[in-house]
Amino acid sequence: FSLQPDGSWSTLPAGTIRPAMAAFDLAVDADGDLVLAGLQYSGPPSVVMDARDTPAAYFEQDTFGMVAVDCEGSFAVACGRARGGGLWTSTRDLSWSFDDLPLTGTNDSGFRDVDIRDGVAVACGYDDGADTLQVILTRTAGTDWSKLNPGGPSAATYLCIAQDGAGTIYLGGMVGAGGPSPQAFLSARAPDGTWTDLDLPDAAGLHGVMDILVAADGSLYLACMGEGEYTMANLLHASPSGVLKEITPFPGGLLQVDQAASGNIYAVGFRRDEQTGTEKGVMLVGTVVR
């Protein structure tokens with residue numbers, strides 16, 4: 001779907017996306033052109049559809065599926081799970097490389113989120129064969145991937161990453177994933193490399209931070225959900241005045257949050273019917289008063 005200037009939504013033309021592709025994430029460049037990343041059910045599972053030129057080009061690899069993508073001009077990065085890798089990079093339109101990474105390569109590894117800002121990409125993930133399970137990598141269009149020192153609580157599962165214009169990196173996710181009492185966390189890495197864990201209201205009730213938006217005013221919006229059938233959807237707003245819940249929590253989860261050129265905040269996820277267990281997609285829209 002595409003949001004039009006008049007506030008209406010339109011669908012992409014039939015045939016734009018392969019019927020056997022499930023898109024897990026999208027990025028839109030300054031010209032409004034799309035890059036989609038996801039899973040393919042016919043052919044190699046990992047796939048990126050690059051529509052920054054016409055016709056759209058597809059890039060495939062026999063790994064476990066791409067889960068996130070971001071782009072800034074001709075610089076784009078997609079990430080997912082793989083053995084010894086999971087980052088694909090484009091430094092010019094319709095040209096992608098499957099990157100060699102500074103990982104152990106002995107067991108599974110993968111990346112869950114990537115963010116590009118001012119020509120710098122950061123990606124968060126894991127490396128099962130390493131002494132330090134958590135991984136953060138960074139690069140520019142003209143450099144190779146290199147490691148940053150990991151942060152956040154011990155036993156953290158990295159789920160999302162974002163940067164602000166001053167060089168601070170924000171990292172979110174879950175502590176105790178797969179256990180009986182998962183908790184959400186949010187940590188910040190200052191430009192000098194020092195980490196700070198930020199206090200979240202009711203971290204145990206939030207379960208996990210799934211996406212981070214650095215808004216135009218510099219404040220943060222956090223899309224939250226957790227594991228299992230009892231998880232609740234929540235949206236937090238972190239500003240110098242504190243961290244507040246923006247919505248009344250509801251059964252389900254929020255997966256992504258972003259800001260339109262109008263300033264409005266959009267969050268998407270799902271709502272669960274507590275009686276039937278049925279899950280339906282939901283989109284929240286918050287109007288920013290200027």
Side-chain angles (χ1 to χ4, degrees), residues 24-27 29 35-39 46-48 50 59 61 63-91 96-105 107-130 132-152 156-164 167-174 177 185-189 191 193 195 208-214 220 222-223 255-258:
F24 291 156
D25 195 22
L26 64 83
D29 70 7
V35 180
L36 297 178
L39 175 66
S46 291
V47 62
V48 166
D50 190 337
F59 299 86
Q61 194 175 42
T63 56
F64 296 95
M66 294 288 101
V67 297
V69 64
D70 198 17
C71 70
E72 184 180 77
S74 60
F75 186 26
V77 177
C79 67
R81 182 183 168 200
R83 287 183 174 86
L87 288 172
W88 305 358
T89 304
S90 171
T91 55
W96 287 78
S97 63
F98 308 127
D99 296 345
D100 292 326
L101 304 176
L103 304 177
T104 64
N107 290 311
D108 285 350
S109 55
F111 292 84
R112 301 178 188 268
D113 196 22
V114 60
D115 184 60
I116 302 176
R117 182 161 186 153
D118 298 332
V120 177
V122 291
C124 64
Y126 61 95
D127 181 358
D128 284 345
T132 302
L133 177 66
Q134 297 88 354
V135 175
I136 301 174
L137 300 186
T138 185
R139 66 163 288 177
T140 66
T143 62
D144 294 328
W145 290 101
S146 61
K147 284 186 178 181
L148 297 179
N149 59 306
T157 298
Y158 295 168
L159 298 176
C160 51
I161 195 166
Q163 310 170 78
D164 67 14
T168 299
I169 296 172
Y170 297 96
L171 184 70
M174 186 181 299
F185 81 89
L186 178 69
S187 300
R189 182 186 187 274
W195 284 94
V209 177
M210 303 301 294
D211 195 25
I212 304 167
L213 165 67
V214 180
L220 305 179
L222 312 177
L255 299 172
Q256 290 190 322
V257 58
D258 209 342

Inset, instruction - Specify whether Y158 and F185 have parallel, tilted or perpendicular ring planes, treating 30° as the upper limit for parallel and 60° as the lower limit for perpendicular. - result: tilted
Legend entry - Non-hydrogen side-chain atoms of Q61 and V48 separated by less than 4.5 Å: no
Inset, instruction - Run the numbers on D25 and Q256 for side-chain contact (heavy atoms from CB on, under 4.5 Å), then give the verdict. - result: CA-CA 9 Å; D25 195 22; Q256 290 190 322; 2.8 Å; yes
Legend entry - Short side-chain to backbone donor-acceptor contact, Q163 and D115, under 3.5 Å: yes
Inset, instruction - Please step through side-chain contact (heavy atoms from CB on, under 4.5 Å) for the pair D127 and L133, ending with a clear verdict. - result: CA-CA 5 Å; D127 181 358; L133 177 66; 5.7 Å; no
Legend entry - Derivation and outcome, salt bridge (Lys or Arg N to Asp or Glu O under 4.0 Å), residues R139 and D144: CA-CA 6 Å; R139 66 163 288 177; D144 294 328; 5.6 Å; no
Legend entry - Q134 side, atom CD; T157 side, atom OG1 - distance, nearest 0.5 Å: 7.5 Å
Legend entry - Residue pair G119 / F75: nearest heavy atoms and the distance that separates them: O-CE2, 3.6 Å
Inset, instruction - Would you kindly say whether W88 and D99 are connected by a side-chain donor-acceptor distance under 3.5 Å? - result: no
Inset, instruction - Drop me the distance from L137's CG to I161's CD1, to the nearest 0.5 angstrom. - result: 9.0 Å
Legend entry - Short side-chain to backbone donor-acceptor contact, W145 and T140, under 3.5 Å: no
Inset, instruction - Side-chain contact test, heavy atoms from C-beta onward, threshold under 4.5 Å: evaluate it for L39 versus S46 and give yes or no. - result: no
Legend entry - Closest non-hydrogen atom pair between I212 and V257, with its separation: C-CG1, 4.4 Å
Legend entry - side chain to side chain contact (heavy atoms under 4.5 Å, CB included) partner of L171, the single match among P150, C124, C160: C124
Inset, instruction - Provide the closest heavy-atom pair for F111 versus A123 in the form atom of the first, atom of the second, distance. - result: CD2-CB, 3.9 Å
Inset, instruction - Evaluate the criterion side-chain contact (heavy atoms from CB on, under 4.5 Å) for residue pair D164 and Y170; output intermediate values, then yes/no. - result: CA-CA 8 Å; D164 67 14; Y170 297 96; 3.5 Å; yes
Inset, instruction - For A82 and T63, work out which heavy atoms get closest and say how close. - result: CB-CG2, 3.8 Å
Inset, instruction - Starting at CG of L87, measure out to CG of D100 and round the result to the nearest 0.5 Å. - result: 11.0 Å
Inset, instruction - Start with the C-alpha gap between L36 and V47, add the side-chain angles, then the distance that decides, and say whether side-chain contact (heavy atoms from CB on, under 4.5 Å) holds. - result: CA-CA 8 Å; L36 297 178; V47 62; over 6 Å; no
Legend entry - Nearest non-hydrogen partners of V67 and R112, listed with the distance: CG2-O, 3.8 Å
Inset, instruction - Could you check if a side-chain atom of K147 sits within less than 4.5 angstrom of a side-chain atom of I136, using non-hydrogen atoms only? - result: no
Inset, instruction - Measure the shortest side-chain to side-chain distance between V122 and V114 over non-hydrogen atoms and say whether it is less than 4.5 angstrom. - result: no
Legend entry - Smallest separation among heavy atoms of V69 and A37, with atom names: CB-CB, 3.8 Å
Legend entry - Distance in Å, S187 OG paired with I169 CD1, rounded so as to fall on 0.5 Å steps: 12.0 Å
Legend entry - Backbone of D118 reached by a side-chain donor or acceptor of E72 within 3.5 Å: yes
Inset, instruction - Working to the nearest 0.5 Å, report the span between CG of D113 and CE of M210. - result: 9.5 Å
Legend entry - Pairwise distance CG(L186) to CG(L222) - rounded to 0.5 angstrom: 5.5 Å
Legend entry - Residue pair T138 / S146, side-chain heavy-atom distance below 4.5 Å: yes
